[in-house]
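Everything on this sheet refers to the single structure shown next.
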Protein chains: 2
Amino acid sequence: MGRNDDIVPPADYPLRATIRDVAARAGVSIGTASKALNASGRLRQETRDRVVAAANELGFRPNAMAQSLHRSRSMTVGVLTTDSFGRFIFPILEALEETLAGHGIAIFMCNATDDPEREQQHLDQLLGKRIDGLLVTARRMDRRPAIAVPGKSMPVIYVFSQSDDPDALCLLPDDHGGAVLAVEHLIATGRRRIAHITGPAEFEAVTLRHQGYAEALVRAGLPALPEYYLNGLWSEAWGREAVAQLFANAATAPDALFCGNDQIARGASDALRERGLSVPDDVAVVGFDNWDVMALAARPPLSSVDMNLHRLGRAAGERLIAMIGGERIRGVERLPCSLVVRPSSAPAGQTTPKQDKNS
Amino acid sequence: MGRNDDIVPPADYPLRATIRDVAARAGVSIGTASKALNASGRLRQETRDRVVAAANELGFRPNAMAQSLHRSRSMTVGVLTTDSFGRFIFPILEALEETLAGHGIAIFMCNATDDPEREQQHLDQLLGKRIDGLLVTARRMDRRPAIAVPGKSMPVIYVFSQSDDPDALCLLPDDHGGAVLAVEHLIATGRRRIAHITGPAEFEAVTLRHQGYAEALVRAGLPALPEYYLNGLWSEAWGREAVAQLFANAATAPDALFCGNDQIARGASDALRERGLSVPDDVAVVGFDNWDVMALAARPPLSSVDMNLHRLGRAAGERLIAMIGGERIRGVERLPCSLVVRPSSAPAGQTTPKQDKNS
DNA sequence: GCAGTGAAGGAAAAGGTTTTCTCAATCGCC
DNA sequence: GGCGATTGAGAAAACCTTTTCCTTCACTGC
């Protein structure tokens, strides 16, 4: 199948010991050696020991391909990303890998950044390798078309990404809930005029977080003013610009900013400082993502909503194991976010006791 | 081998078509079917077509495990990271994956963040899977001990990481050259008092970059002042603090900063602005890593040394392919960095025509 | 002394593919 | 029409394990 031709045949590899070598050295048959090594069958203890000793001496390691061929279970899953390996994918991947490794399952990594043809190639390759399951991640803006796995047989999970296949299992962070968390926190610390600066409206997450934001406000008896909701880019520059817009008129300026990500939050925080406004005394700021590089480097460090990507990755691993085991799981599962509170959203007027300023 | 017990046997998977199904449907023997599908052997064209048609109708996909078993070549390599999947590893991985995928080779991802025991487990698993090669990445501070692969047979490459095994191949960015690039650029744009703010001295990269920095200065007839070399953390906060130290005495203040990474550079740049100094008019700043999140968000955008990690990943893939093909490569290979010039290091006094200041 | 029992280990099939070897049939040529 | 050469296709081994089924052997109990 394709491009294997350009690799010349094995050079001079010392062949690995096989179970037949072990058997020969221990003076038993292959079957007996297998039983001894797998602690199965009925064998004398002395025989077992002899086989195990021979295996150790030869550095024997069973050939997983032969085992898999026999069991028709490859102990292998594929991870197919269509968003290159972005910053969000890492923690997920890390937890996933750890979870699966604990069950002896290895991961094939594939990347097909927005190239359907490469995606198909990768999928072909993975199917050829008889993966036991597939995990798909993608850019979060759009629902991605379902992966075409023949036969409906193989478990597929979309993580941090949503498919339009109703039979699929999708694992996502609870964007709505995360926004509620942030806004309720701001309200609890005494803020009343809370604006939301966020990313492009095309992202489903933007919509969900906006809804959470609005609901939390309304539930607290506060108005969700349209002029307090600003869409833009996911950048610091946009955060700065949004602050310029919001604070152009001092009379209508907010006393808290809930930002769609930490970059926006950081840009906003910088802009506030440069306007002579104190964070958090004059304006509280809460970000989203809890990306330490941003959140900790900001002055002051940013409160932020954490999507618990690690937990998401672990959950994905566990679901996948369950599905490989035969369970059928489907639907959209949203895992809770949590709020990490840092100085940028301390209660108004708490940080610097002596304080009386206004913009 | 271990934890496979907790996965129940196959549920109700519709078995994939095998070559024997294809052969039966095409009315030929298994061997003939194989030859037809692999375009090998001597067969009538009509027979080939019949077999291929049967294969398509059945959605046949050859079982890679069976193929590998036969060829004793798994078309698979392992990537073992000991630094979790850090930000630096991503671009490398991406390029590596792309390169290897082009040759039909798949990647097993393993992560053993600083845990020798997990590392050994992963290695065992990979050896069991009969990977054709291994790629190791690690935190760059220390040379890591060699991976214990039995038999000296399997190709191993350390990328973005250095092993103490003299027989190994290590692929690294040319830190020394990158520093030279940055400093020569600063000199060329008219700077004369160039300081170097960087990370912890334990990092080999810190030493190498320092050497490059010093050599470039000396070569230009400029002194490499010890008070212009500051070690600290890889953080924005340290960048700010270092600026405070360097500019405490206006008489000895530098007119350019070469920073060990973009975070330091950004912190420094912020601190300069807050001291009323203009970047680049009063002080030029050059960072390292060319991490867009930092370099582009800084005001003004930062010039930075790019380690060309993508190229590094590609090179790693190519070397690995060559080694799998039988070539023996060893030693330490350092790939060139490049300099990305942005406004933060424009020639002194060029940005704002009207200007006459001194710190 | 013999049937029956249990233990210990061997033989062989199966899993899916590739490849070599062999065999049968056809062709060209005299 | 017979001979060698060539072509097309099948049989079987090999890759490495696991597992099921058998065989052998030594006992026990009568």
Side-chain angles (χ1 to χ4, degrees), chain A residues 1-2 4-5 9-10 13 15-52 54-55 58-75 127-130 132, chain B residues 1-2 4-5 9-10 13 15-51 54-55 58-76 127-130 132:
Chain A
M1 246 171 182
N4 311 355
D5 340 296
Y13 284 43
L15 311 181
R16 289 204 64 83
T18 75
I19 200 171
R20 97 182 309 119
D21 302 323
V22 175
R25 178 175 257 258
V28 297
S29 76
I30 296 181
T32 303
S34 175
K35 288 175 212 158
L37 293 171
N38 293 306
S40 66
R42 329 170 75 57
L43 268 62
R44 239 183 317 159
Q45 188 58 42
E46 191 268 330
T47 311
R48 283 192 201 285
D49 296 344
R50 201 147 35 91
V51 172
V52 169
L58 268 60
F60 169 75
R61 211 179 300 271
N63 184 324
M65 292 181 306
Q67 292 180 317
S68 300
L69 190 56
H70 186 81
R71 309 198 177 111
S72 46
R73 166 128 295 136
S74 66
M75 302 303 284
L127 290 173
K129 294 202 182 291
R130 297 297 188 269
D132 295 332
Chain B
M1 242 155 199
N4 309 356
D5 339 297
Y13 283 43
L15 310 182
R16 288 204 64 84
T18 76
I19 200 171
R20 100 184 304 123
D21 301 324
V22 174
R25 178 175 256 259
V28 298
S29 75
I30 296 182
T32 303
S34 174
K35 288 175 214 158
L37 293 171
N38 294 305
S40 66
R42 329 171 75 61
L43 266 64
R44 237 182 319 159
Q45 186 59 42
E46 191 268 332
T47 311
R48 281 190 203 286
D49 296 344
R50 202 150 32 93
V51 172
L58 269 60
F60 169 74
R61 213 179 300 270
N63 184 323
M65 292 183 305
Q67 292 180 317
S68 301
L69 189 57
H70 185 81
R71 307 199 178 111
S72 48
R73 166 129 292 133
S74 66
M75 302 302 285
T76 281
L127 289 173
K129 293 200 183 292
R130 296 297 189 269
D132 296 332

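Hydrogens, waters and symmetry mates play no part in the numbers below; they use all other heavy atoms, side chains included. Chain A is the first sequence line, chain B the second, and so forth, proteins listed ahead of strands; every chain is numbered from 1.
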Tell me which nucleotide among [options] gets nearest to the side chain of [X].
| X | options | value |
| --- | --- | --- |
| I30(B) | dT18(C), dG8(D), dG16(C) | dT18(C) |
| V28(A) | dT17(C), dT18(C), dG10(C) | dG10(C) |
| K35(B) | dT19(C), dT18(C), dG16(C) | dT19(C) |
| R44(A) | dT19(C), dG9(C), dG16(C) | dG9(C) |
| N38(A) | dT18(C), dT18(D), dG8(D) | dT18(D) |
| Q67(A) | dT18(D), dT17(C), dG9(C) | dT18(D) |
| T32(A) | dC21(C), dG9(C), dT17(C) | dG9(C) |

Self-check item: side-chain contact (heavy atoms from CB on, under 4.5 Å) evaluation trace for I19(A) with L37(A)
Solution: CA-CA 9 Å; I19(A) 200 171; L37(A) 293 171; 4.1 Å; yes
Practice problem: Step by step, work out the side-chain contact (heavy atoms from CB on, under 4.5 Å) result for M65(A) and K129(B). | Solution: CA-CA 6 Å; M65(A) 292 181 306; K129(B) 293 200 183 292; 5.8 Å; no
Quiz item: So E46(A) and D49(A), side-chain contact (heavy atoms from CB on, under 4.5 Å) or not? Walk me through it.
Solution: CA-CA 5 Å; E46(A) 191 268 330; D49(A) 296 344; 5.6 Å; no
From [atom1] of [X] over to [atom2] of [N], roughly how many Å is that when rounded to an integer?
| X | N | atom1 | atom2 | answer |
| --- | --- | --- | --- | --- |
| M65(A) | dA14(D) | CE | P | 18 Å |
| R42(B) | dA25(C) | CZ | P | 19 Å |
| H70(A) | dT17(C) | NE2 | P | 17 Å |
| L127(A) | dG16(C) | CG | C1' | 16 Å |
| L69(A) | dA13(C) | CG | C1' | 13 Å |
| I19(A) | dG15(C) | CD1 | P | 19 Å |
| N63(A) | dC15(D) | CG | P | 12 Å |
| K129(A) | dT17(C) | NZ | P | 14 Å |

Quiz item: Does a side-chain N or O from T18(B) land closer than 4.0 Å to OP1 or OP2 of dG15(C), or not?
Solution: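 Answer no for this pair, as no side-chain N or O of T18(B) is under 4.0 Å from OP1 or OP2.
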Self-check item: Under-4.0 Å side-chain N/O to phosphate OP1/OP2 contact, S34(A) with dT19(D)
Solution: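 Indeed not, no polar side-chain atom of S34(A) lies that close.
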Exercise. Give a yes or no answer on whether the side chain of D132(A) reaches the backbone of R73(A) with a donor-acceptor pair at less than 3.5 Å.
Key: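 It does not hold such a pair.
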Quiz item: Distance-only, no hydrogens or angles: does the R50(B) side chain make a donor-acceptor pair with backbone N or O of A26(B) under 3.5 Å?
Solution: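 Between the backbone of A26(B) and the side chain of R50(B) there is a qualifying donor-acceptor contact (under 3.5 Å).
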Quiz item: Starting at the 5' end of DNA chain D, which residue's closest nucleotide do you reach first, R50(B) or A66(B)?
Solution: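 That would be R50(B).
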Quiz item: S68(A) near the nucleic acid: base, sugar-phosphate alone, or nothing, with a heavy-atom cut-off under 4.0 Å?
Solution: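 Touches nothing.
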